Amino acid sequence: MVTNVASFGRSGLADFVLQRVSAVIVGLYALCLVGFFVTTPRMDHAVLAGFFESLPMRAFTTLAVVSLAAHAWIGMWTVGTDYVRRHYFGAGHTVYLGIYLVVCIGLIFVYLLWPLSVVWGLP
Amino acid sequence: MVGGLYAIGEVACVSVHGANRLGGNSLLDLVVFGRAAGIHIEEAMRQGINRRGPSEADVDRATARLARWNGSESGESVAELKRELQRLMLMDFNVFRSGDNMRSSIGELAGLRERIAVAHLADKSRVFNTARLEALELDNLLEVAEATAIVAEARTESRGAHARDDYTERDDDNWLCHSLYFAPGKRVGKRSVNFAPQTVETFKPTERSY
Amino acid sequence: MQISLYRFDPDTDESPRTDSLELDLPEGRDLMVLDVLELLKAEDPSIAYRRSCREGVCGSDGINMNGRNGLACITPVSEAAPRGKLTLRPLPGLPVVRDLVVDMSQFYRQYEKIKPWLVNDTAPPARERLQSPEDREKLNGLYECILCACCSTACPSFWWNPDKFVGPAGLLQAYRFLADSRDTATAERLAALEDPFSVFRCRGIMNCVSVCPKGLNPTRAIGKIRSMLLSQGI
Amino acid sequence: MHPDRPVNLPLPRLAAAMPVTAIASFLHRVTGIVLFAGTLFLCYVLDLALADEAGFERAAAIIEAPPGALATWAILTSLAYHVVAGVKHLLLDFHVGDSLRAAKIGAWLTIALAVLAAVGLAVWLW
C-alpha cells in the first residue's frame, strides 16, 4: 500500500528517509573535516590539496555534496511551503513561493557543481 | 407519549440508580437505554414513522419567545435574574429542604417569572450571540426550576437526595413512585416506578442505613 | 485585575480590537479564567465565548491565555497571568467568528480525514469484538482526547498548512485507530498519511504536548505513525 | 466560507509563550538557513584555498579578517547547533526522549552544547 522508500518522488516518507540518511552522511563528512583541521598542526596549500585529492576523499566529498544538495532541498522546500503563505503574502503567495524555490534550486546547483569541479579539478 | 421523540439518560428519568444518585454521571442509563433507543429507532425508521409538519401556531409560538427578547428595550439584565434564580434554588431546593422555605421560595419563583417576562436583552446582534442564547435559556431554567420546586414541595417524605426536615421518614406507601409535573396548571401527578415486576425480590425496597 | 480582551463582532467591526478592562476579583480566592469571563459577561453580555461543562471535560472553552492555549475552566488566573495582567484571545490560526469564538471547521475536517472510527471488514462475532487487556492498554493516552483544539492551534505547522497538515489532535486519533487491535484498515490508513504534509510536517517541537489539558502526547503518537510507515515502506 | 473573518496570529506574543522545545526547533531551522547561505562562502573559500599557494594565502587572509572570521564563526556555530539538534531529532525518531520532560532537557542540552561550541570557536578563531 505504502509507496516503497526507494521510489522517489514527492512522498513524505521518501523525503523523511532521504533527509536523515543525507544528514548522517553530511554530518560524518563535517566531522571528518573538523578532525582533519584539528589534527593538522600546520596548514598550507599543499597539505590541504593533498587531503582533498586522494581518491577516497574525492568520493566522500562527492557523496557529501550530493547529500547536502538533497538535504538542503528538502529543508528549504519545507521552510518555503511553511512560511510563504496567503496569510502574510496575499493572493500572490504562490508566485513568491515559485521565485523562492527557483532561487533555492539555483543555489543548490551551484553547491553541486562548484565543489565538485574544484575537487575533481585538482591535479 | 410523543411518537418519534426519544429520550435517554437523566432527562428520561428511568432512575436505574434509584433516588439516591447525587452526583457523577449516568453512564449506565446512556449505555443501556442509548443502545435500546438506537435499536428501536432503526426498526421504527424501517417501518416508517408518521410525521406531521409544524403548524403555523407551532412556529408562531416558537418565534414569539424570540421576538419577545428581541423587542425588549429596557428592564433587568439576564445575568442579574439568573443569579437570583440560582440563589433561590441553591438555598431552598438543595439536598436539605424544609416545607416553609420551599413554599416561600415557590412564591418568589412566581415573582421571578413576572420579572423575567419583562427582562431586557441588551445585545441584539446576529452573529454568535450568546447573550440571546442565555436569555432563552433563562426562560427554560425558570420552567425547570419551578417544576423542581413544586414537585419537591409536594413530595411529603425524605428519600435519597430529597431530605426534608418536616418529613424526615421515607414513605413507601405513598411515594414509591415517580413524580410527574404538568406545566399547564402546575399540577403534580404520580407514576409507579416499575411496570413489571411490581415487587423486587432480590433487593427489597428498604430504607438506607449506614 | 487588568484584562486585555480580544473583541470582534462581524456585525459592527471592520477588524478586531482589544478591550482593556478592569475587574475586581474576590480576595483570597484563585478564580479560574472562565470565572473571570463570566464576571465580565455579567457586566457586558455582548462578550462571546464557548463554554459548557466548566470542568475540563467538554473541551468547549479552549482559548489563548497570555499567549498559551488552554481550557479557561481549569486554568487558574494565577497560572495564566502570574504577573497580574490577563490577556485573553481566541485560539490562534483559525478564523474568528466573534470575540473568543473560532470557526472550527478546518480542525474538524482534518479530524474527519483520518476516519476516526473503527474499520473492520470481517464478520462481527455474535456478541462483540474482544480485545486482550494488553491490546486495550495500547489505547491509553490516545482515546482521552476531548477535541478542544488547544494542541493543533498551538502548532505552527498547523498555522501554516491547516488544510494539508492533519495536526496533532487528528494524528493522535489516527494513531489511536492504527494501534487498535480490532481495526483492519491499517494499510489504508497509513497510505493516506504518506504524503509530505499530513504527518511529516510535524517537526517535534512539542507545543501540542505542553498545552494539552489532558496531558496527552501527540508528538509521541506521530513518532509511532512514522515508525509504522517506515516498517511498511521498507 | 467567510474569507473576511480575521485570524488571531500575533507571532511575537505567541513565540514569547512557547516552550524551550519550540525555540530549539526554531533554532534548528534558522541555523539550517544560515548554513544554506553560508555554503556559498565555504565554496568560495575552498575554491581559493585549493587553487594554488597564493589562493590559499588569500583564503587564509579572508578568514582572519574580521568579516570573514565572523562569517566563519557564524557558519561553524550554526553547523555545531544543526548537528547536535539533528542528533536529537534522530533520537526522537527512535522514540528516545519523546516525553515533554525529556524533550525539554534535550532542548536545553542542545542549546548549551551550541553555546559551548560558539565560545570554543570564538577562542579558536581569535
Side-chain angles (χ1 to χ4, degrees), chain B residues 9-11 22-27 29-32 34-36 38-39 42 66 68-87 89-90 112 115-116 118-141 144, chain C residues 5-17 19 23 26 34-58 60-63 72-73 88 90-91 94-105 117 124 127-129 143-144 146:
Chain B
E10 286 182 43
V11 71
L22 294 178
N25 48 34
S26 189
L27 289 178
D29 259 358
L30 293 179
V31 170
V32 173
R35 181 169 187 270
I39 291 169
E42 194 190 355
L66 207 58
R68 206 301 280 161
W69 283 109
N70 282 345
S72 71
E73 276 168 9
S74 64
E76 288 179 277
S77 79
V78 171
E80 219 171 293
L81 291 164
K82 183 173 163 186
R83 220 166 14 227
E84 203 150 325
L85 181 63
Q86 284 174 328
R87 188 187 56 80
M89 296 308 288
L90 187 70
L112 212 48
R115 287 160 67 193
I116 289 173
V118 294
H120 179 46
L121 172 66
D123 179 12
K124 299 190 177 64
S125 61
R126 290 166 305 162
V127 180
F128 217 98
N129 185 332
T130 50
R132 182 181 288 122
L133 204 68
E134 296 207 344
L136 291 168
E137 277 179 359
L138 182 64
D139 289 338
N140 301 346
L141 283 173
V144 177
Chain C
L5 182 64
Y6 180 103
R7 300 298 305 270
F8 175 70
D9 179 359
D11 272 358
T12 53
D13 301 338
E14 276 287 312
S15 54
R17 61 176 204 276
D19 280 1
L23 186 72
L34 181 62
D35 299 328
V36 171
L37 277 171
E38 297 276 303
L39 289 173
L40 292 176
K41 194 174 171 66
E43 299 293 319
D44 176 2
S46 72
I47 298 170
Y49 50 88
R50 291 194 182 97
R51 69 10 148 221
S52 183
C53 76
R54 60 98 185 89
E55 56 188 11
V57 171
C58 74
S60 301
D61 64 349
I63 58 169
C73 56
L88 303 177
L91 291 176
L94 291 177
V96 177
V97 177
R98 174 177 175 170
D99 299 345
L100 302 180
V101 178
V102 291
D103 179 356
M104 304 268 280
S105 319
W117 55 81
R127 290 197 61 168
E128 61 203 292
R129 295 186 195 279
Y143 74 91
E144 298 93 330
I146 55 174

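Scope of the values below: all heavy atoms of this structure, side chains included, with no hydrogens, waters or symmetry mates. Just so it is clear: chains get the letters A, B, ... in the order the sequence lines come, proteins before strands, and each one is counted from 1. Being a predicted model, the structure only gives us computed values, none of them experimental.
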Can you tell me how far CG of Asp9(C) sits from CG of Asp123(B), rounded to the nearest 0.5 angstrom?
-> 7.0 Å

Is any side-chain N of the basic residue among Glu128(C) and Arg35(B) closer than 4.0 Å to the acidic one's carboxylate O?
-> no

Using non-hydrogen atoms only, which part of Val101(C) is less than 4.5 Å away from chain B: side chain, backbone, both, or neither?
-> side chain

So which part of Arg132(B) gets closer than 4.5 Å to some heavy atom of chain C, the side chain, the backbone, both or neither?
-> neither

Arg98(C) side chain reached by Ser125(B) side chain, heavy atoms, under 4.5 Å = yes

To the nearest 0.5 Å, tell me how far Phe128(B) CZ sits from Asp11(C) CG.
-> 13.5 Å

Would you mind reporting whether Lys41(C) and Thr130(B) have side-chain heavy atoms less than 4.5 Å apart?
-> yes

Which atoms of Ala131(B) come close to chain C, meaning under 4.5 Å heavy atom to heavy atom: side chain ones, backbone ones, both, or neither?
-> both

Give, as side chain, backbone, both or neither, the part of Lys124(B) having an atom under 4.5 angstrom from any heavy atom of chain C.
-> neither

In terms of heavy-atom proximity below 4.5 Å to chain C, should Glu80(B) be classed as side chain, backbone, both, or neither?
-> neither

Picking from Glu43(C), Arg50(C), Glu38(C), which has the most non-hydrogen pairs under 4.5 angstrom with chain B?
-> Arg50(C)

